[in-house]
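Quick note: residue numbers are just sequence positions, from 1.
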Amino acid sequence: MHQRQRGISFIGFIVVLAVVGFFLFLGMKIGPTYIEYYSIRNAVNKVAAEAQGGDINEIRRAMDRQMTIDYADSYKAEFVRVIRDGNQLNLVLNYEIRKPLIYNLDFVAKFQHSAPISQP
């Protein structure tokens, strides 16, 4: 009676390991960019909720304070603008990040978010 062996071969295991390793590498390179975006987005939401009126200088100072607390490396003041839409003021986050991925390949991430500023 002949028994057939079942399972993955060594070469198959190496191929699966290489594919999983590649995706883990991508996650380690791209993941921090998205984590930082969510940190900046939460700061925009918090500042917009706490801002009373449309004093742009006070909003910028509040964003700078929040980014000092959250320690977002790639944040720049020009990422955030106050835009009037009718009677509503919005705090708009709009920026693009370009970081190296592998050798001469870069990845580009574009982020946009808007939060209404509470009126007094």
When every non-hydrogen atom of A51 is compared with those of I117, the smallest separation belongs to CB-CG2, 3.8 Å
So, for P116 and A48, which heavy atoms are closest and what is the spacing to 0.1 Å?
-> O-CB, 3.5 Å
CZ-CD1 distance between R81 and I59, expressed to the nearest 0.5 angstrom | 14.0 Å
Should we say atom CG of D85 is surrounded by more than 12 heavy atoms from elsewhere, each under 6.0 Å from it?
-> no
Does atom CZ of F13 have more than 12 heavy-atom neighbours, drawn from other residues, nucleotides or ligands, at distances under 6.0 Å?
-> no
Do the side chains of L24 and V19 join up, straight or via other hydrophobic residues, at under 4.5 Å, putting them in one cluster?
-> no
Taking every heavy atom of P32 against every heavy atom of G27, the minimum-distance pair comes out as CD-O, 4.0 Å
Residues 23-44 vs side chain to side chain donor-acceptor pair (under 3.5 Å), sequence neighbours excluded, gives E36-S74
Nearest-0.5 Å distance that lies between atom OG in S114 and atom CD in Q88 = 8.5 Å
Donor-acceptor list for residues 91-104 side chains, cut-off 3.5 Å, not counting sequence neighbours:
none

Side-chain heavy atoms of I83 within contact of L89, under 4.5 Å | no
SB check E78 R60 (cutoff 4.0 Å) = no
Are V20 and I14 co-members of a hydrophobic cluster defined by side-chain heavy atoms under 4.5 Å apart?
-> yes
Would you say F10 and V16 are hydrophobically clustered, going by side-chain heavy atoms of ILVMFWY under 4.5 Å?
-> yes
R61 side, atom CZ; R65 side, atom CZ - distance, nearest 0.5 Å = 7.5 Å
Would you give the length of the straight line joining atom CD of E58 to atom CE of M63, rounded to the nearest 0.5 angstrom?
-> 13.0 Å
Should Y71 and I35 be counted in the same cluster of Ile, Leu, Val, Met, Phe, Trp and Tyr side chains packed under 4.5 Å apart?
-> no
Taking every non-hydrogen atom, the tightest pair across N45 and A115 | OD1-CB, 3.4 Å
Quick one: are R84 and N90 in side-chain contact, heavy atoms under 4.5 Å?
-> no
Please round to the nearest 0.5 Å and tell me the distance separating atom CG of L17 and atom CZ of F22.
-> 14.0 Å
Side-chain contact test, heavy atoms from C-beta onward, threshold under 4.5 Å: evaluate it for D64 versus Y75 and give yes or no.
-> yes
What pairs with N87 under side chain to side chain contact (heavy atoms under 4.5 Å, CB included), at least two apart in sequence or on another chain?
-> none
